[in-house]
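Just so you know, these numbers come straight off a predicted model, no measurement behind them. Numbering of ligands and ligand atoms starts at 1, following listing order.
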Amino acid sequence: MKTRENLSSLILLFGATGDLAKRKLYPSLYNLFRKGNLSNRFAVVGVARRLKDDGEFRNWVRDSVTTFGEKADNLEEFISHFYYQSHDVNDSESYKQLKELVDRLDHTYQLEGNRIFYLAMSPEFFGTVAEHLREDGLTNTNGFKRLVIEKPFGHDLASAIELNKRIRSAFKEDEVYRIDHYLGKEMVQNIEVIRFANAIFEPLWNNRYISNIQVTSSETLGVEERARYYDKSGAIRDMVQNHMLQIVSLLAMEPPIRLTTDEIRSEKVKVLRALRPVEGEAVHDYFVRGQYGEGIMNGTKVPAYRDEPNVPKDSNTETFVAGKFLIDNFRWAGVPFYIRTGKRMATKSTNIIVQFKDIPMNLYYKNGSTLNPNLLVIHVQPDEGITLHLNVKKTGEVLGTTPVKLNFSTKSIDGINTPEAYEKLLYDCLRGDATNFTHWDEVALSWRFVDNISEVWTNEQADFPNYAAGSMGPKAAEELLEKDGFFWWPVNF
Ligand SMILES: NC(=O)C1=CN([C@@H]2O[C@H](COP(=O)(O)OP(=O)(O)OC[C@H]3O[C@@H](n4cnc5c(N)ncnc54)[C@H](OP(=O)(O)O)[C@@H]3O)[C@@H](O)[C@H]2O)C=CC1
Ligand SMILES: O=C1O[C@H](COP(=O)(O)O)[C@@H](O)[C@H](O)[C@H]1O
């Protein structure tokens, strides 16, 4: 039988009326409650400026769960744990009231002083809130205190250092949970297991046997309502600095000596330290940027990025990035890790393709048949699973070969959907497991790498738009691999 920890905590949610809270956080918390992973000893205080009383807020949460989550019988019981305070985070007076409410709920629900402060709001407020929490005594508690902080963590290395200083004035590094929701995805968490629990992969996982690795995260959505943030960020800061580099670190890291937070993070950090910096003119050789023009998606015409609401007509912001990382260490010298990510692409898909090197001599070449390279495909989303591409004998022939795929899908085995990334990450935070959150060293090294690219791109006007909505990105992204003798494997392979 599954054993559950009796987790108690107050969750103080800043940005309680926002999009993230509504679409992801309330449904995920409810899933934890529904499955018994969150005991009755919890309370949530929602904080945002708009005026609401507890009843209106509970209606909001109910609506969120019924719209975006799975409803069950105990929804009303769950909702009774929610409280609301209208509060401008810049207003010092509000924190005193907040402390009174929090102390009262601590007593009512026997929360033992455990507090999670979740900042689901614009990053410009992160520093201010963290400082107020300390100054106004909310962090002064006998239980644990943890700060969950959403992305983006800074805009570049300098702003990230500044933000980190402010946060660290109130919380120790091991109390800070920097969210990267890709680290909560089932198959991203599976990378380590696939690598380190399989004798058939680990000995081959190096430059002797792998020719290249491709990570694609393509989206069909455009910028939607987020242009004010996105146009200052672009795909390199929005996706590459965090999600893509995290996936590459997991794929490339050495086996940790133990499966502890510190050991795993320390191996990931070593990968980021070994990344070959790409600067100046080299940026053009290693990275490609794109911005979508208008196009047809699902039979409907969609506008170009520059025609989206709140986007300047001459925007130089990239909505697509393809790039090549080289990791200068013993294991990976000479093996390119290609990544690509973009909005308004042909399909919504995240997958990882590990392409193995050809065998030294193809005994079957005389037959005129070509051998396909062995591939390991890790399907992250929308499907979850792995596919191994092998060559076997063509039935009934003496020398002919044919490719076959061995498939594993998490859905077909367990028959259930795996939990949402946010559900897993919230649970980890409640349990005090920071393994799947980003350590400051990882954030800093990722920014250092990405800043060199952003600097070049900011100073050069791009010839945008350069890919049609509904395509797989600009032609230059294909050429990036072609010049190395490779090509992008199809995403739904
Ligand atoms: N939405 C998403 O899918 C994702 C979001 N994120 C990150 O999560 C964070 C939140 O994003 P999102 O929910 O989309 O943002 P929204 O703009 O939808 O929500 C912002 C929230 O902050 C509140 N707020 C704004 N100003 C103040 C203030 N001065 N004092 C108190 N509350 C304030 C707003 O409520 P009110 O107006 O009532 O004050 C609202 O609840 C951001 O850091 C974003 O980058 C990360 C990944 C995905
Ligand atoms: O962090 C972000 O991720 C989403 C894509 O997440 P996914 O889980 O749907 O793959 C992206 O749309 C957004 O721009 C970015 O901020």
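Looking at Asp156 and Ser159, their side chains do bring a donor and an acceptor atom within 3.5 Å of each other. Side-chain atoms of Thr216 and Arg340 form a donor-acceptor pair, as typed in the model, at a separation below 3.5 Å. Under the 3.5 Å distance criterion, with hydrogens and angles disregarded, a donor-acceptor pair is assigned to the side chains of His379 and Thr387. Side-chain contact annotation: Gln291 with Thr319, donor-acceptor N/O pair under 3.5 Å absent. Donor-acceptor pairing under 3.5 Å is recorded for the side chains of Gln355 and Trp489.
Between Ser122 and ligand 1, not a single N/O pair is under 3.5 Å apart. An N or O contact shorter than 3.5 Å is missing between Thr350 and ligand 2 by distance. For ligand 1, the polar-atom distance check finds no N/O of Phe125 at less than 3.5 Å from any of the ligand's N/O atoms. In terms of N/O distances under 3.5 Å, ligand 2 is approached by His243. For ligand 1, the polar-atom distance check against His181 finds no nitrogen or oxygen pair separated by under 3.5 Å. Between Ser217 and ligand 2, not a single N/O pair is under 3.5 Å apart. Considering backbone and side-chain N/O atoms, Arg49 comes within less than 3.5 Å of an N/O atom of ligand 1. Taking distance alone, with nitrogen or oxygen atoms compared against 3.5 Å, Tyr229 stays at or beyond that limit from ligand 2. Of the N or O atoms in Val89, one or more lie within a sub-3.5 Å distance of an N or O in ligand 1.
Checking Arg237, Glu224, Glu219 against atom 11 (C) of ligand 2, the nearest heavy atom belongs to Glu219. Distances from atom 40 (C) of ligand 1 to the heavy atoms of Leu25, Ile149, Leu51, Thr17 show the closest one on Thr17. Closest to atom 4 (C) of ligand 2 by heavy atom, among Glu150, His181, Gln381, is His181. Selection from Leu20, Asp238, Asp88 by nearest heavy atom to atom 11 (O) of ligand 1 gives Leu20. When Glu124, Met121, Lys52 are checked for heavy-atom proximity to atom 9 (C) of ligand 1, Met121 turns out nearest.
Taking every heavy atom of Lys348 and a limit of under 4.0 angstrom, the matching atoms of ligand 2 come to 7 (P), 9 (O), 10 (O). Close contacts of ligand 1 with His87, meaning ligand atoms under 4.0 Å from a residue heavy atom, involve 30 (N), 31 (C). Counting atoms of ligand 1 from 1 in the listed order, those under 4.0 Å from a heavy atom of Ala16 are 41 (O). Taking a cut-off of under 4.0 Å to the non-hydrogen atoms of Lys343, the atoms of ligand 2 that pass are 11 (C), 12 (O), 13 (C), 14 (O). Every atom of ligand 1 with a heavy atom of Gly18 under 4.0 Å away is listed here by number and element: 13 (O), 18 (O), 19 (O), 40 (C), 41 (O). Ligand 1 places these atoms under 4.0 Å from at least one heavy atom of Lys151: 7 (C), 42 (C), 43 (O), 44 (C), 45 (O), 46 (C). The contact set between ligand 1 and Ala120, taken as ligand atoms under 4.0 Å from a residue heavy atom, comprises 9 (C), 10 (C). Near Arg23, the atoms of ligand 1 lying under 4.0 angstrom from a non-hydrogen atom of the residue are 1 (N), 2 (C), 3 (O).
Counting heavy atoms under 4.0 Å from ligand 1, residue Tyr229 does not touch it at all. Under 4.0 Å from ligand 1, heavy atoms of Ala48 appear from its side chain as well as its backbone. Only the side chain of Glu150 comes within 4.0 Å of ligand 1, judged by heavy-atom distances.
The nearest protein atom to atom 8 (O) of ligand 2, hydrogens excluded, is given as Lys185 NZ, 2.6 Å; this is a heavy-atom distance. The protein heavy-atom contact nearest to atom 13 (C) of ligand 2 is Arg226 NH1, 3.2 Å. Of all protein heavy atoms, the one lying nearest to atom 10 (O) of ligand 2 is Tyr182 OH, 2.5 Å.
Within 4.0 Å of atom 17 (O) of ligand 1, not a single protein heavy atom is present.
In this structure, Glu219 does not pair ionically with Arg344, as no charged nitrogen and carboxylate oxygen lie closer than 4.0 Å. The pair Glu423-Lys35 counts as a salt bridge, with a side-chain nitrogen and a carboxylate oxygen less than 4.0 angstrom apart. The pair Arg115-Asp106 meets the salt-bridge criterion, with a side-chain N (NZ, NE, NH1 or NH2) lying under 4.0 Å from an Asp/Glu carboxylate O.
Both cation-pi conditions hold for Lys324 and Tyr286: the charged atom is under 6.0 angstrom from the six-membered ring centre and inside a 45 degree cone around its axis. Remark: Lys185 is positioned above the aromatic ring of Tyr182, its terminal NZ or CZ atom under 6.0 angstrom from the ring centre and at most 45 degrees off the axis. Annotation: cation-pi pair Arg146/Phe144 present, NZ/CZ under 6.0 Å from the ring centroid and within 45° of its normal.
Between Asp238 and ligand 2 there is a heavy-atom distance shorter than 4.0 Å. Residue Pro152 places a heavy atom under 4.0 Å from ligand 1.
Ring geometry for Tyr26 against Phe82 counts as perpendicular: the plane angle is over 60°, on a 0 to 90° scale with 30° as the lower cut.
Surrounding CG of Asn459 are more than 12 heavy atoms belonging to other residues, nucleotides or ligands, all under 6.0 Å away.
Under the 6.0 Å cut-off for aromatic ring centres, Phe320 and Tyr467 qualify, their centroids lying closer than that.
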Requested in this report: Evaluate the ring pair (Phe, Tyr, Trp, His ring centres under 6.0 Å) criterion for residues Phe449 and Phe325: first the C-alpha distance (whole Å), next the side-chain angles of each, then the deciding distance (0.1 Å), finally the verdict.
Outcome: CA-CA 10 Å; Phe449 181 87; Phe325 298 120; 5.3 Å; yes
Query raised in the report: Given the rule in the ring pair (Phe, Tyr, Trp, His ring centres under 6.0 Å) test, do Tyr109 and Phe42 qualify, once you have shown the distances and angles that lead to the verdict?
Result: CA-CA 6 Å; Tyr109 289 95; Phe42 83 97; 7.4 Å; no
Requested in this report: Check step by step if side-chain contact (heavy atoms from CB on, under 4.5 Å) holds for Thr458 and Asn316.
Outcome: CA-CA 8 Å; Thr458 308; Asn316 197 35; 5.9 Å; no
Report task. Apply the test salt bridge (charged side-chain N to carboxylate O under 4.0 Å, His left out) to residues Asp428 and Lys424: give CA-CA distance (whole Å), side-chain angles for both, the deciding distance (0.1 Å), then the verdict. Result -> CA-CA 6 Å; Asp428 284 353; Lys424 286 198 262 174; over 6 Å; no
